A.B. asks: 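Below is the structure I would like to discuss, written out as structure tokens.
Letters go in sequence order (proteins before strands), and every chain restarts at 1. Just so it is clear, the model here is predicted, and its values are computed rather than measured.
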Number of protein chains: 2
Amino acid sequence: MNIGQFAVLTGVSAHTLRYYEKIGLLRSVVRNGSGHRDYAAKEAEWIGFINRLKETGMPLKQILIYAELRAKGDATAGQRQLLLEQHATQLAERIRHEQEHLAALEQKIHYYQTHFSG
Amino acid sequence: MNIGQFAVLTGVSAHTLRYYEKIGLLRSVVRNGSGHRDYAAKEAEWIGFINRLKETGMPLKQILIYAELRAKGDATAGQRQLLLEQHATQLAERIRHEQEHLAALEQKIHYYQTHFSG
DNA sequence: CATTGACTTAGAGTTAACTCTAAGGCGTAA
DNA sequence: TTACGCCTTAGAGTTAACTCTAAGTCAATG
């Protein structure tokens, strides 16, 4: 699959896919006879996981650390697990904070309702 | 209170306070005889609310819209309420997404536990 | 055979939100 | 009175994560 098709499949632009490759998030992208990138469909799962980490606020630099461990194989599983556990803990805490913020917003909205409903 | 003291009180750097004033988030900051900014302690509440909006992912540009409505007085209460309601809705949705992401992370962690625990 | 459209690269440009620098002024403690 | 730490301004620099540009290659279509 060429980069355009893979971009559609993953929802990540071709520009961004090249960028991810350049910074090391994507490794072992093979080329066809013309030198064009040729993606395997199953690589889309990895992009999906990158997106999940991004959407939970992990910076690319840290995702890159995970990617490097992943590229080293099973021996690094423990380190990757630790990394994910730490991230999950942070995420849980962020969710708690956001729930507090949401409650505060709803209270403020209620204030607007009761004081300015005229 | 001078800018340094107000920075400590709010947890926002003096640089950033000047920046907020420049872009219009902070209005009516009065000056003392030497031309130095002189903050009222109760302005810290507004900074706190700005921080809440920021921490829930609202861009400064949109916070600025709220600030402009606020500066116009009670007549704009309805618009401000609407703005907050929309933001609260988005926030609630984001929290839901993050909870899904958290569940997926925990499942992946569990996978690491069961497959690489040696 | 010419055009079209997708691909290649290195590197420049963008946006948000700061963050810092340079050059200078004011007030007070030693 | 001099040193210190605060303050002032305009504007430059930073970081993250893209996003785009320019110049060129290549395969397939009319």
Side-chain angles (χ1 to χ4, degrees), chain A residues 1-41 43 46-68 87 90-91 94 101, chain B residues 1-41 43 46-68 87 90-91 94 101:
Chain A
M1 175 171 2
N2 70 23
I3 197 170
Q5 292 165 330
F6 193 64
V8 171
L9 176 65
T10 59
V12 171
S13 79
H15 277 308
T16 301
L17 286 171
R18 293 196 196 95
Y19 169 70
Y20 281 180
E21 188 176 334
K22 184 159 65 177
I23 67 173
L25 270 188
L26 261 42
R27 285 134 191 278
S28 68
V29 177
V30 301
R31 303 304 179 103
N32 68 12
S34 318
H36 291 191
R37 291 169 180 82
D38 185 13
Y39 293 90
E43 273 293 274
W46 171 231
I47 300 286
F49 189 60
I50 289 174
N51 278 334
R52 192 185 286 290
L53 293 178
K54 273 203 318 160
E55 279 167 36
T56 52
M58 189 185 281
L60 288 192
K61 265 191 186 165
Q62 207 177 341
I63 299 176
L64 187 53
I65 293 173
Y66 184 91
E68 279 160 0
H87 185 58
Q90 284 170 29
L91 178 56
R94 178 140 41 83
H101 286 316
Chain B
M1 174 174 359
N2 71 21
I3 197 169
Q5 292 165 329
F6 194 63
V8 171
L9 176 64
T10 59
V12 171
S13 78
H15 277 308
T16 300
L17 286 171
R18 292 194 199 96
Y19 168 69
Y20 281 0
E21 188 176 336
K22 184 160 64 178
I23 67 173
L25 271 187
L26 261 44
R27 284 133 192 279
S28 66
V29 177
V30 301
R31 303 302 179 105
N32 67 12
S34 319
H36 291 191
R37 291 169 180 82
D38 186 11
Y39 293 89
E43 272 293 275
W46 171 230
I47 300 285
F49 189 60
I50 289 173
N51 278 334
R52 193 186 285 290
L53 293 177
K54 274 204 317 159
E55 278 168 36
T56 52
M58 188 185 281
L60 288 191
K61 266 192 186 165
Q62 208 177 338
I63 298 176
L64 186 53
I65 292 173
Y66 185 91
E68 279 161 0
H87 185 59
Q90 285 169 30
L91 178 56
R94 177 140 41 84
H101 286 315

A.B. asks: Within the pair B:Lys61 and C:dA16, is there a side-chain N or O less than 4.0 Å away from OP1 or OP2?
C.D. replies: yes
A.B. asks: Taking 4.0 Å as the cut-off, does a side-chain nitrogen or oxygen of B:Arg37 come that near to OP1 or OP2 on D:dC7?
C.D. replies: no
A.B. asks: Using a strict threshold of under 4.0 Å (side-chain N to carboxylate O), is an ion pair present between A:Arg37 and A:Glu21?
C.D. replies: yes
A.B. asks: Within the pair A:Tyr20 and D:dC18, is there a side-chain N or O less than 4.0 Å away from OP1 or OP2?
C.D. replies: yes
A.B. asks: Would you call B:Lys61-B:Glu68 a salt bridge at under 4.0 Å N-O?
C.D. replies: no
A.B. asks: Can you tell which of B:Lys54, B:Arg52, B:His87 makes a side-chain contact (heavy atoms from CB on, under 4.5 Å) with B:Ile63?
C.D. replies: B:Lys54
A.B. asks: Rounding to an integer number of Å, can you tell me how far B:Asn32 CG sits from D:dT8 C1'?
C.D. replies: 11 Å
A.B. asks: Is the distance from OP1 or OP2 of D:dG11 to the nearest side-chain N or O of B:Arg18 less than 4.0 Å?
C.D. replies: no
A.B. asks: Please report the distance, rounded to the nearest Å, between CD in A:Glu55 and C1' in D:dA16.
C.D. replies: 17 Å
A.B. asks: Which nucleotide sits closest to the side chain of A:Ile3: C:dC7, C:dA16, D:dC18?
C.D. replies: C:dC7
A.B. asks: Once you measure the plane-to-plane angle for B:Trp46 and B:Tyr66, does it fall in the parallel (<30°), tilted (30-60°) or perpendicular (>60°) bin?
C.D. replies: parallel
A.B. asks: What is the distance, rounded to the nearest whole Å, between atom OH of A:Tyr19 and atom C1' of C:dA12?
C.D. replies: 15 Å
A.B. asks: For A:His36 and A:Thr16, take the nucleotide of DNA chain D holding the closest heavy atom to each; which residue's nucleotide lies nearer the 5' end?
C.D. replies: A:Thr16
A.B. asks: Whole Å only: how far is the CG atom of A:Leu17 from the P atom of D:dT19?
C.D. replies: 12 Å
A.B. asks: Treating A:Thr10 as the side-chain partner and A:Val12 as the backbone partner, does any N or O pair qualify as donor plus acceptor under 3.5 Å?
C.D. replies: yes
A.B. asks: Does OP1 or OP2 of D:dT9 have a side-chain N or O of B:Arg31 closer than 4.0 Å?
C.D. replies: yes
A.B. asks: Please report the distance, rounded to the nearest Å, between CD1 in A:Ile23 and P in D:dT15.
C.D. replies: 16 Å
A.B. asks: For C:dC7, does either OP1 or OP2 sit under 4.0 Å from a side-chain N or O belonging to A:Asn2?
C.D. replies: yes
A.B. asks: D:dC18, OP1 or OP2 - any side-chain N/O from A:Lys22 closer than 4.0 Å?
C.D. replies: no
A.B. asks: Could you tell me the separation between the CD atom of B:Glu21 and the C1' atom of D:dT9, rounded to a whole number of Å?
C.D. replies: 12 Å
A.B. asks: In whole angstroms, how far is the P atom of D:dT15 from the CD atom of A:Gln62?
C.D. replies: 18 Å
A.B. asks: Please report, rounded to the nearest Å, how far the P atom of D:dA16 is from the NE2 atom of A:His15.
C.D. replies: 22 Å
A.B. asks: Please determine, for the side chain of A:Ser34, which listed nucleotide (C:dC7, D:dA16, D:dA27) has the closest atom?
C.D. replies: D:dA27
